[in-house]
Amino acid sequence: MTVQDFFKIFGCIMIVIYLFFGLDDMIWYIWSILSTQFGKNRSKKMELSFQELRETPPKMLAVCIAAWHEDNVILDVISNFINTTDYPKSMYHLFIGVYPNDPKTIDTVKKAGEIYPNVHAVINCMDGPTTKAQNINHVIGEIKKYEESAGIKFAALTVHDSEDAIHTYELLTTNYLIDKHDALQFPVFPILEMPRFKNFFKQLTTATYADEFAENHFTTLVQRRDTGAFVPCAGTGFALSRKVLDDFGDEPIFPSESLTEDYLLSLNLYKKGVALYYVLNKLPRVLANGKIKSDFITTRSLFPSTFKAAVRQKTRWTYGITMQSIGVRDIFTKEKISFAGRYSFYKDIKSKFLNLLPILGYILAIYVIVAAILNLDPFYTKGSVIYYMSMVVFTIMCLRQITRGYALYSVYGLRSVFFGCLLPPLFPIRLLYGNIINFAAVVRAFKMKLGLQSKNKELKKKEKDKREKKKKVAKWAKTDHDFLSRDQLRQYRRMLGDVLIVQKLITPAQFKEALNKVDKEHGQQIGSYLIENGMITEEQMLRALGHVKHIQFIPDELVKKLDYDETAKRFNVKMLKKRKILPLTEENGTLIIGVCNNTSDSYISKFEKNNHLKIKKMYIMEEYLMKAINDIGKKKELLDSLELYHSGGMTYEQVILVGKFASISKVSEKNMREMMGILV
C-alpha cells in the first residue's frame, strides 16, 4: 500500500466520522432551538425583576470555599467578595475549608475572620490535600454545627473556588431563585485582557478557555436547560437549596472518590428529578467612560495561562467526568429520564473521543496541502460521494465557528470574535491551539485511567480475602491560582448609576446627560444633582447609595420604633441636630449612627475622633432623622425584635431587616424571622 492509498482510506474514514458526529451536533442544535421556541418544552424565560429581587426578604445564606495552599490569594478573594456583594452582611456567612498542615492559609483566613465577623476558618479533620469533595463535605458538617450553636438556618449553600471574582448580585439572585429551584448554576466566564496583537500569545492559553466557556455557558447550557436535558455543574458558582441539603441527611453530599465531584453530584441529582437551573440573565451597568452595557450575573475567574497547567486541569476534568462519573449504562438506564436527558449523557461521553479527532484531521489537512503543492492525486475526486460529504463537513465546521463567534460577541465583544474565530481564517490559531490542549488532556486521562486500573487490579489480588478491598484514590489535582489586581477588580464593582438604572429609576440617557452637567469643579455629587433636578427622590437616592456602599437604609416607619434613647442621651442633643447625626446603639465596640444625605463626612469623622468610637452608618431620610432627634426621651412603640437584640440573639442590622420586611409582607416579626432563617 502506497502513502497515497493510505491517506485515501484514512481520509474517507475521517470524513465519515466527522460527518457522523457533525450531523449529530447540528441536529441537536436545530432541535433544541425548535423545541424551545415552538414546542411544548418552550421555556418561559424568566426575566429577573430587580424590584422583585429587592422586595424578597433576605434569607440566611452560606458560602463555601475549599482552600489548599491559597494564602497568596484567599484574603483578596474574601475582601473583594464581602466589600462588593450587595447583600446584607448579617445574612450570609463565608466558610473556608482549610487543612491542619497548611498553617499559612489557616492564619490568613483567621486574619480575615478578625476583620469580617461572618468569615469562618473550618479546619479539616485530615491533612491535605484530600479531594475537594472531602473538603467541602467536612465544611458542610461544620456548617450544620454552626447553625445549631448560632440559632440560624441557612436557606442555601453556594460553592465557589478560591480565585473567583463573585458577582455583586449573585447572592441577591440566589435568595430570589432558591425558592423556585432546588439547585442553581450561574455562568462562569474566564477573565481576559482586552485582546490585542501585542498580548495575543501572552494570553493564548487562557483565551482558549474563554472560547469554550463562552460557547458552552452562553449557548449549550441554555439549550440543555430549556429542553429538560442534563445541566452539569461547573464546580463553582452553584447553589444547593435547604431541601437538597436536608435530603442527604448525615450522608456526604459530594462524592469524595471523584475528581469532578460537582459533575457527579449534579448527575445524581438529575437522576433523582432535581434539575440544576441555569441562570443566564443580564443587568445594565455604567462603564468608566459613561457608556451603558449589559452585564451577565456571572462568576469571573482567572484560568491557567500555560500549556502545562491547562493540560493538567483538563486531564482532571476529562478523567473525572467521562471516566469516573458517567458511562454508556447511564444512557440506557431504567430510571425515568427524558430523551433529551439521555442524549445529553451521550454527548458528554463522546466528548473524550471528539477531542482526539481534530489532531487526526490536522494530519489529513497537512497531507491535502502537501498533495496540492506536489500535484499528487487528491484522496477524493470532484463530484464523488466523498467530495460532497467533505463539503457538508466543511459547512458544519463553518456553522460551528459562527455559533462560537456569536457566543464570543455576546460575552466578550467584537474584538474577541476576530481574535478567536478569524485570525487567520479557516484554521484560527486559538481553535487549533485549544484542540491541541484538549488532545493532550484526553491522552493523559486515558493513561491515568489505565494506570489506576492496573494498580487497582494488583490491590484486589493481594487483598481478595478481605471484606473491603482498597482502591487507589486520586488526590485533588489542584490548579495554582492568582487573583485580580485592584485596577482589574474595579471594573466589576457597581456604582450609583448602575443601581439607579437597573432599578429603572432613570434611563441610561438621563444618567449620561446628568454626568455631563454635574458641576464637578465645585464638588457637586451626581446624587445631589439628580435630587435637585427632580430626577429622583431623596429616599430613592439613599436606598441606591446604601446598596453601593453596603449601608442599611432605615424606612421612616421603623425609625420611630427604634430604642435609641439611652444611646443618644450620652451626647449633646443640640450638637446632634446641628450635625444631623442620630446615635442608635453601640454594638461590639462600634457606635451605629443614623445619617442623611446632608450629613457632612467631615462631621462624622470629627464625631468619631472626639468620642473615640468606631462608627458604622445607617441611612435615614433627613425629615425623619431630625424628627427622631427631637423625639429623644419620648415614649415609643418598639419593634419586638429589639428584645432579642438586647439579649444577644440578633444583630442590629437583622432587627432593621426583619422590621422592614415584616412591614412590607404584612406578617409578624416572629414569622419573618423564621422565613429569614433567624431561628433564635
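With sequence neighbours left out, E52 forms a side chain to side chain contact (heavy atoms under 4.5 Å, CB included) with S49, Y176. Scored by the side chain to side chain contact (heavy atoms under 4.5 Å, CB included) test, D247 finds K243 as partners (sequence neighbours excluded). With sequence neighbours excluded, the residues satisfying side-chain hydrogen bond (donor to acceptor under 3.5 Å, both in side chains) with D631 are K627, K634. Remark: E586 engages R570 in a side-chain hydrogen bond (donor to acceptor under 3.5 Å, both in side chains) (not counting sequence neighbours). In terms of the side chain to side chain contact (heavy atoms under 4.5 Å, CB included) criterion, residue partners of D640 (sequence neighbours excluded) are, by chain and number, E669. Shown here are the side chain to side chain contact (heavy atoms under 4.5 Å, CB included) partners of N588, two or more places apart in sequence or in another chain: there are none. D250 pairs by the side-chain hydrogen bond (donor to acceptor under 3.5 Å, both in side chains) definition with nothing, not counting sequence neighbours. S600 is linked by a side-chain hydrogen bond (donor to acceptor under 3.5 Å, both in side chains) to S602, counting only residues two or more places apart in sequence or in another chain.
Applying the side-chain hydrogen bond (donor to acceptor under 3.5 Å, both in side chains) test to pairs two or more places apart or on separate chains, those with a residue in residues 556-565 are D565-K636. For residues 525-552, every residue pair satisfying the salt bridge (charged side-chain N to carboxylate O under 4.0 Å, His left out) rule, not counting sequence neighbours, is listed here: E539-R543. Every pair passing salt bridge (charged side-chain N to carboxylate O under 4.0 Å, His left out) that includes a residue from residues 134-144 is listed here, sequence neighbours excluded: E142-K145. A salt bridge (charged side-chain N to carboxylate O under 4.0 Å, His left out) check over residues 81-106, counting only residues at least two apart or in different chains, returns the pairs R54-D86.
Residue E643 places its CD atom among 12 or fewer non-hydrogen atoms of other residues, nucleotides or ligands, all under 6.0 Å distant. For CD of Q525, the number of neighbouring non-hydrogen atoms (other residues, nucleotides, ligands) closer than 6.0 Å is 12 at most. No more than 12 heavy atoms of other residues, nucleotides or ligands sit less than 6.0 Å from atom CD of Q51.
Taking the ring centroids of Y169 and F50, they lie under the 6.0 Å cut-off. A ring-centre distance under 6.0 Å is found for Y146 and F95.
Here the straight-line distance linking atom CG of N598 with atom CE of M626 works out to 10.5 Å at 0.5 Å rounding.
A donor-acceptor pair is defined here as one N or O able to donate and one able to accept, closer than 3.5 Å; no such pair exists between the side chain of S241 and the backbone of A183.
Annotation: cation-pi geometry not satisfied between R300 and F189 (NZ/CZ under 6.0 angstrom from ring centroid, within 45° of ring axis).
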